[in-house]
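Dropping the structure in here first, questions after.
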Amino acid sequence: MAALVYFKKESEQPGSIRYSFGADPAEMDRQLSLNTATRSSEPVDGEADHLFLKASRKINSLYEERGSWPERGMSAS
């Protein structure tokens, strides 16, 4: 069974970025906060589940590849 997660940058401030994410691009109702200095992230709702981990890892992976934080994206496995 495939696992999908979509994400979109919602806001950016010095030192942090907030992304919305979810299994459906039309309903990305969860958010994660990412510390740009440490590249660590936390789910805003406190639920560090598989969907959150998948979004966080993909965001960091794209940053590693491109050298800039992605505006949006998705991960499938």
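Note that the coordinates shown come from a computational prediction; the quantities given were computed from them, not determined experimentally.
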Is there a side-chain contact between Lys9 and Arg72, using heavy atoms and a 4.5 Å cut-off? no

Should Tyr63 and Arg39 count as side-chain neighbours, where that means a heavy-atom distance under 4.5 Å? yes

Heavy-atom nearest pair, Pro43 first then Ala48, reads CG-N, 3.8 Å

Would you indicate whether the side-chain heavy atoms of Asn35 and Ser16 approach each other to under 4.5 Å? no

Beyond-backbone contact of Leu62 with Phe7, side-chain heavy atoms, under 4.5 angstrom: yes

Counting only heavy atoms not in Glu65, do more than 12 fall under 6.0 Å of its CD? yes

Using the salt bridge (Lys or Arg N to Asp or Glu O under 4.0 Å) criterion, which residues pair with Asp24? Sequence neighbours excluded. none

side-chain contact (heavy atoms from CB on, under 4.5 Å) between Leu32 and Ile17: does it pass, once the steps are laid out? CA-CA 8 Å; Leu32 66 83; Ile17 302 174; over 6 Å; no

From Ser75 atom OG to Leu51 atom CG, the distance as rounded to the nearest 0.5 Å: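 Atom-to-atom, Ser75:OG and Leu51:CG are 10.0 Å apart.
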
Inspect the contact between Arg18 and Glu12 and indicate whether a charged nitrogen and a carboxylate oxygen are less than 4.0 angstrom apart.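 No, no charged N to carboxylate O under 4.0 Å.
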
Could you tell me which non-hydrogen atom of Ala23 sits nearest to which non-hydrogen atom of Tyr6, and how far apart they are?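 Shortest heavy-atom contact: O-CE1, 3.4 Å.
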
Check whether any side-chain heavy atom of Lys54 lies under 4.5 Å from a side-chain heavy atom of Ser77, and answer yes or no.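 Yes, at least one pair of side-chain atoms sits under 4.5 Å.
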
Please tell me whether Gln31 and Ser20 have a donor and an acceptor in their side chains that are separated by less than 3.5 angstrom. no

Can you check whether Pro70's main-chain N or O pairs, donor with acceptor, with Tyr19's side chain at less than 3.5 Å? yes

Once you round to the nearest 0.5 Å, how far does OG of Ser40 lie from CG of Asn60?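 So the OG of Ser40 and the CG of Asn60 are separated by 8.5 Å.
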
Check whether Met28 and Leu34 end up in the same hydrophobic cluster, where Ile, Leu, Val, Met, Phe, Trp and Tyr are linked by side-chain heavy atoms less than 4.5 Å apart. no

To the nearest 0.5 Å, what is the distance between CH2 (Trp69) and CD1 (Ile59)?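 These two atoms lie 8.0 Å from each other.
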
Do NZ/NE/NH1/NH2 and the carboxylate oxygens of Asp49 and Arg30 come within less than 4.0 Å? yes

Hey, are the side chains of Asp29 and Phe21 touching, using non-hydrogen atoms and a 4.5 Å cut-off? no

